[in-house]
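Written below as structure tokens is the structure these notes are about.
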Amino acid sequence: MKILAISDEESKYLWDHFEPEKLKDVDLILSCGDLDPRYLSFLATFSHATVLYVHGNHDDNYKDHPPEGCTCIENDVYCYKGIRILGLGGSMRYNPKGKNQYTDKQMKNRIRKLWWKLHRTKGFDILLTHAPASGINDGEDRAHWGFQTFNDLLDRYSPKYFVHGHIHLNYGHKIPRISDYNDTKIINAFERFEFEY
């Protein structure tokens, strides 16, 4: 199965210079947030792929203008053709009035409320978030810190993939696109990245 992961910056390759062949083999699109809802609607319309998304810290407009033809999997375990995907959007809280921002304790409480779903599905195969995990390719400033509770999820459930955004690859040349954490492959979805599941 071919999966397209996207986040933070609309791909000119896909949106401005679109050709149907570019998406013809994509089965599933995973959005990690901070993308124009019209962009997600466009991808849902011009591909046969299912589009799943979580919120980024700049997605306040999704409430009034949700992406059409897409499915929000925020605070849910979504099963797609046998693949269990846990969705947890938002970033570390850095602005007291900011939406889609959480302390590590608040994120832990969100996960705690999912215990029955996680028990029923016997875990998950892909962790889909906006922010990274703590100490794994996250940033030094508070706005780009990762969540320690994501590390705990990786330790407990060992998903095959952890797909996140928020850390733009153009922030610095040492930011990896792909890294490993125990048995989990971590993918930074900035702009676009395709992988096979």
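This one's a predicted model, so the numbers in the text were calculated from it and none came from an experiment. All residue numbers in this chain count up from 1 along the given sequence.
The other residues sharing a hydrophobic cluster with L118 are V77, L86, L88, M92, Y102, M107, I111, L114, F124, L127, I136, W145, F147, F150, L153, L154, Y157, F162, Y181, I186, where clustering joins ILVMFWY side chains under 4.5 Å apart. Alongside W116, the hydrophobic cluster contains W115 (criterion: ILVMFWY side chains under 4.5 Å).
In this structure, I178 is not a member of the same hydrophobic cluster as I175, with clusters built from ILVMFWY side-chain heavy atoms closer than 4.5 Å. One hydrophobic cluster holds both I3 and I85 under the rule that ILVMFWY side chains link at heavy-atom gaps under 4.5 Å. The cluster map of Ile, Leu, Val, Met, Phe, Trp and Tyr, joined by side-chain heavy atoms under 4.5 Å apart, puts Y80 and V51 in different clusters. Note on L28 and I6: separate hydrophobic clusters, where clusters join Ile, Leu, Val, Met, Phe, Trp and Tyr whose side-chain heavy atoms are under 4.5 Å apart, directly or indirectly.
Within the structure, the salt bridge (charged side-chain N to carboxylate O under 4.0 Å, His left out) test picks out the following pairs touching residues 62-86 (sequence neighbours left out): E74-R110, D76-K117, R84-D125. Applying the salt bridge (charged side-chain N to carboxylate O under 4.0 Å, His left out) test to every pair with at least one member in residues 88-104, sequence neighbours left out, gives no pairs at all. Sorted pairs that involve residues 39-52 and meet side chain to side chain donor-acceptor pair (under 3.5 Å), not counting sequence neighbours, are lacking altogether. Screening residues 180-197 for salt bridge (charged side-chain N to carboxylate O under 4.0 Å, His left out) gives K2-E194, D180-K185 as the qualifying pairs, with residues at least two apart or on separate chains. Within the structure, salt bridge (charged side-chain N to carboxylate O under 4.0 Å, His left out) contacts touching residues 133-148 (residues at least two apart or in different chains) do not occur.
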side-chain contact (heavy atoms from CB on, under 4.5 Å), that's the test. Do I126 and Y197 meet it? Break it down for me.
CA-CA 10 Å; I126 299 175; Y197 186 97; 4.1 Å; yes
Using side-chain contact (heavy atoms from CB on, under 4.5 Å), reason through N137 and S179 one step at a time and then give a plain yes or no.
CA-CA 9 Å; N137 309 324; S179 55; 2.8 Å; yes
After noting the C-alpha distance and the side-chain angles of K160 and T184, does the key distance pass the side-chain contact (heavy atoms from CB on, under 4.5 Å) rule?
CA-CA 5 Å; K160 190 167 184 176; T184 302; over 6 Å; no
Take V54 and S31, measure what side-chain contact (heavy atoms from CB on, under 4.5 Å) needs, and give me the verdict at the end.
CA-CA 6 Å; V54 294; S31 171; over 6 Å; no
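Q106 places a side-chain N or O within 3.5 Å of a backbone atom of T103 that can act as its donor or acceptor partner. Side chain of D27 to main chain of A49: no donor-acceptor pair is present (N/O by atom type, distance under 3.5 Å, no hydrogens or angles). In this structure, R177 contributes its side chain and F190 its backbone to a donor-acceptor pair below 3.5 Å.
When all heavy atoms of S91 and A131 are compared, the closest pair comes out as CA-CB, 4.1 Å. Closest non-hydrogen pair, G165 versus N188, comes out as CA-OD1, 4.3 Å. Closest heavy-atom contact between A44 and G69: CB-O, 3.6 Å. The minimum heavy-atom distance linking N151 with A133 is given by the pair OD1-CB, 3.3 Å.
Every residue two or more places apart in sequence or in another chain that forms a ring pair (Phe, Tyr, Trp, His ring centres under 6.0 Å) with H130 is listed here: H166. For T71, the side chain to side chain contact (heavy atoms under 4.5 Å, CB included) test picks out L52, I73, Y78, with sequence neighbours left out. Not a single ring pair (Phe, Tyr, Trp, His ring centres under 6.0 Å) links H58 to another residue, sequence neighbours left out. Residues passing the side-chain hydrogen bond (donor to acceptor under 3.5 Å, both in side chains) test with N109, sequence neighbours excluded: R112.
Side chains of Y53 and P66 form a contact here, defined as non-hydrogen atoms less than 4.5 Å apart.
Of the N and O atoms on the side chains of Y94 and N57, at least one donor lies less than 3.5 Å from an acceptor on the other residue. If you check the side chains of D34 and S7, you find no donor sitting under 3.5 Å from an acceptor.
From L30, atom CG reaches atom CG of L4 across 8.0 Å, with rounding to the nearest 0.5 Å. A distance of 8.5 Å separates CD1 of I167 from CG of D8, quoted to the nearest 0.5 Å.
The aromatic rings of F195 and F193 lie parallel to each other, their planes meeting at an angle below 30°, with 60° marking the opposite boundary.
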Scan the side chains in residues 13-26 for donor-acceptor partners under 3.5 Å anywhere in the protein, sequence neighbours excluded, and list what turns up.
residue	atom	partner	partner atom	Å
K22	NZ	Y13	O	2.8
K22	NZ	H17	O	2.5

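Atom CZ of R156 has 12 or fewer neighbouring heavy atoms from other residues, nucleotides or ligands inside a 6.0 Å radius.
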